[in-house]
Chemist: 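After the structure tokens below, expect a handful of questions from me.
Any value given below was found using the heavy atoms of this structure, including those in side chains, with hydrogens, waters and symmetry copies removed. Order of the sequence lines fixes the chain letters, A, B, ..., with proteins taken first and strands second; residue numbering starts at 1 for each chain.
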There are 2 protein chains.
Amino acid sequence: MTSPFRSAQGRSEDRAIKRQALLTAAVRLFNERGFHATSLDEVATSVGVTKPLVYHYLGNKDQVLLECVSFGLAQLREVAEAARAVPGRGIDRLKAFLRRYAEVVMGDFGRCVIRTSDEMLTADSRARFRAAKREMDAAMREMLEAAVADGSVRIADVRLTAFTIAGALNWSARWHNDDAGQSRAETARDMVDILCAGLEPR
Amino acid sequence: MTSPFRSAQGRSEDRAIKRQALLTAAVRLFNERGFHATSLDEVATSVGVTKPLVYHYLGNKDQVLLECVSFGLAQLREVAEAARAVPGRGIDRLKAFLRRYAEVVMGDFGRCVIRTSDEMLTADSRARFRAAKREMDAAMREMLEAAVADGSVRIADVRLTAFTIAGALNWSARWHNDDAGQSRAETARDMVDILCAGLEPR
DNA sequence: ATTGACATATACTCATGAGTAACTCAATGA
DNA sequence: TCATTGAGTTACTCATGAGTATATGTCAAT
């Protein structure tokens, strides 16, 4: 039982929870209807509050979107981080990375990263968005190169292979449906197997 | 030299040319700035005319977009048609199809197909758009199944493989740049090799 | 009790962009 | 030569949605 008199900390936790609820509502609507077709009014209403509150917690529409994609990109960064610690050969780390990458991309914030294209953001936010995406791309290439280096895969063109694999996984953000067919984890596993079948040396 | 007195046919050719010019201008801007961020005013101005003329030739904004994606999907349909006539094993037809598919997807109208998501269209147009996309998906699966049938590839899950390959190729619509790096044809060829390496039986 | 900080709402402003009415002008055809 | 048609324009209407000014209530600390 918590006391009804919330401490300063309690209040700021409260605020963080509300913030997150608003952010999640926003990202869901963005994914469902598209960013431009979603008004902040709708975001607010979907949580039972009014628009100015969205500005209070999250700022203007551009900032809301930036926050959503930043969150998604942070999840992807964590996935890369975690994959580096996986034991085994390069390809094992790579596969672990790709699987978890795909799982994130099928989630709310990951989907938003994929569906958001640069022109939706202001010049400022756009620069940060692109930088974070480049970082992910670099992480993917590094992992490919490490696997090449330890001989667990054979790759002619790392850059193109990275784009190809990323594209295949990213696209699941468009078609995967949680309520039908395989789960995210199953889908991710199978896609990764399909993609990596051609990488292992014969 | 054509006569300055254009015949009825000449005039309707003229009209078709102008129509196409407007459509191309529209698709380029949609790709560059995004559909919602592009006004029909800008489309008109980019060709040196005024907005009502766009309505005169192409109809409302939804119809313009539908026309763009229909054109892109028609190109893809042609590609599928042509690939069926390619001689050789199933995998040869498949590879020919995928290469040309990728090339289309890196072009103006193909890119627009990829970048357009359902919610941008009215319910009516959306239905037609989805139907055409399903048709393409079916074509891709058919080609995979044919290659499985004649033993030139081994595939565990045709549906998922189709999504995976399509995703990898579709994504090039997002990153490929005509003015830098490899040409469309080179890029397409190399992506297809990467993707098919894992399909051929060992 | 009083003050101040924060949460939340009402009720606006303002810009933008879709879509249209209505006009002009030129060529075509009877 | 006059009527018709189609190309193209100007100058609007109208809805929507981003963003804000300002009011109100509520809690916590003094």
Side-chain angles (χ1 to χ4, degrees), chain A residues 2-23 25-26 29-30 32-68 119-125, chain B residues 2-23 25-26 29-30 32-68 119-125:
Chain A
T2 57
S3 148
F5 297 93
R6 275 153 301 166
S7 62
Q9 190 193 342
R11 261 175 293 124
S12 90
E13 273 168 21
D14 206 43
R15 184 182 167 96
I17 287 171
K18 289 182 185 167
R19 214 185 117 87
Q20 189 66 31
L22 245 359
L23 201 63
L29 286 174
F30 290 167
E32 216 173 278
R33 313 189 185 178
F35 175 69
H36 286 289
T38 304
S39 73
L40 290 188
D41 250 321
E42 292 171 308
V43 171
T45 308
S46 83
V47 181
V49 297
T50 56
K51 185 168 52 164
L53 210 60
V54 176
Y55 283 85
H56 187 59
Y57 281 101
L58 298 175
N60 68 26
K61 204 181 177 189
D62 176 67
Q63 292 170 318
V64 175
L65 181 58
L66 180 63
E67 190 95 359
C68 290
E119 350 85 34
M120 296 178 187
L121 294 157
T122 61
D124 214 54
S125 306
Chain B
T2 57
S3 152
F5 296 94
R6 276 151 301 165
S7 62
Q9 189 194 342
R11 259 176 293 124
S12 91
E13 273 168 21
D14 205 43
R15 182 180 168 98
I17 287 171
K18 289 180 185 168
R19 215 184 116 87
Q20 189 64 32
L22 245 359
L23 202 63
L29 285 174
F30 290 167
E32 215 172 280
R33 313 189 183 175
F35 175 69
H36 286 290
T38 303
S39 72
L40 290 188
D41 249 322
E42 293 171 307
V43 171
T45 309
S46 83
V47 181
V49 296
T50 57
K51 184 170 52 164
L53 208 61
V54 176
Y55 283 85
H56 188 59
Y57 281 100
L58 299 174
N60 69 25
K61 205 181 176 189
D62 176 66
Q63 292 170 317
V64 174
L65 181 57
L66 180 62
E67 190 95 0
C68 289
E119 349 86 33
M120 297 178 188
L121 294 157
T122 60
D124 213 55
S125 306

Chemist: Taking the side chain of B/Asn60 as heavy atoms from C-beta outward, which of C/dA9, C/dG19, D/dG8 is closest to it?
Modeler: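 So the nucleotide nearest the side chain must be C/dG19.
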
Chemist: Flag this pair as yes if the NZ/CZ of B/Lys61 is under 6.0 angstrom from the six-membered ring centre of B/Tyr55 and inside a 45 degree cone about the axis; otherwise no.
Modeler: no

Chemist: In whole Å, what is the span from the CG atom of A/Asp62 to the C1' atom of D/dG19?
Modeler: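 It is 13 Å, rounded to the nearest whole Å.
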
Chemist: Can you label the angle between the A/His36 ring and the B/His36 ring as parallel, tilted or perpendicular, going by 30° and 60°?
Modeler: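 If you compare the ring of A/His36 with that of B/His36, the planes turn out tilted.
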
Chemist: For D/dG8, does OP1 or OP2 lie under 4.0 Å from any side-chain N or O of B/Tyr57?
Modeler: yes

Chemist: So, OP1 or OP2 of D/dG6: does either fall under 4.0 Å of a side-chain N or O from B/Arg15?
Modeler: no

Chemist: Describe the nucleic acid contact of A/Leu53 in one word from base, sugar-phosphate, nothing, applying a heavy-atom distance below 4.0 Å.
Modeler: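 Base contact - A/Leu53 has a heavy atom under 4.0 Å of at least one base atom.
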
Chemist: Let's see if you can work this out: which of D/dG17, D/dG8, C/dA18 has an atom nearest to the side-chain heavy atoms of B/Lys18?
Modeler: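 Closest nucleotide among those given: D/dG8.
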
Chemist: Less than 4.5 Å apart, any side-chain heavy atom of A/His56 and any of A/Lys51?
Modeler: no

Chemist: Counting only side-chain heavy atoms from C-beta out, which of C/dG19, D/dA18, C/dT10 sits nearest to B/Lys51?
Modeler: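 Given the options C/dG19, D/dA18, C/dT10, the side chain of B/Lys51 is closest to C/dG19.
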
Chemist: Output the rounded distance in Å from CZ (B/Phe35) to C1' (C/dA18).
Modeler: 11 Å

Chemist: Return the value, rounded to whole Å, for the distance between atom CZ of B/Arg33 and atom P of C/dT16.
Modeler: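 B/Arg33 atom CZ is separated from C/dT16 atom P by 14 Å.
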
Chemist: On DNA chain D, compare the nucleotides closest to A/Glu42 and A/Pro52; which residue's is nearer the 5' end?
Modeler: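 It is A/Glu42, whose closest nucleotide lies nearer the 5' terminus.
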
Chemist: Check whether any side-chain heavy atom of A/Ser125 lies under 4.5 Å from a side-chain heavy atom of A/Leu65, and answer yes or no.
Modeler: no

Chemist: Find the distance A/Leu40:CG to D/dT16:P and express it as a whole number of Å.
Modeler: 16 Å

Chemist: How close or far is atom P of C/dA9 from atom OH of A/Tyr55, stated in whole angstroms?
Modeler: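 Those two atoms, OH and P, are 15 Å apart.
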
Chemist: Heavy-atom nearest nucleotide on DNA chain C for A/Thr50 versus B/Thr38: which residue maps closer to 5'?
Modeler: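 Comparing both residues, the 5'-ward one is A/Thr50.
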
Chemist: Calculate the interatomic distance between B/Arg19 atom CZ and D/dA7 atom P; express it in whole Å.
Modeler: 12 Å

Chemist: Given atom CG of B/Leu65 and atom C1' of C/dA18, what is their separation to the nearest angstrom?
Modeler: 15 Å

Chemist: Please determine, for the side chain of A/Lys61, which listed nucleotide (C/dA18, D/dG19, D/dA7) has the closest atom?
Modeler: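 Within the option list, the nearest is D/dG19.
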
Chemist: Within this structure, what is the CG-to-P distance between A/Asp41 and D/dG17, rounded to whole angstrom?
Modeler: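 Atom CG in A/Asp41 sits about 8 Å away from atom P in D/dG17.
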
Chemist: Does a side-chain N or O of B/His56 approach OP1 or OP2 of D/dG8 to a distance below 4.0 Å, or not?
Modeler: no

Chemist: Say you draw a straight line from CG of B/Leu22 to CG of B/Leu53; how long is it, rounded to the nearest 0.5 Å?
Modeler: 6.5 Å

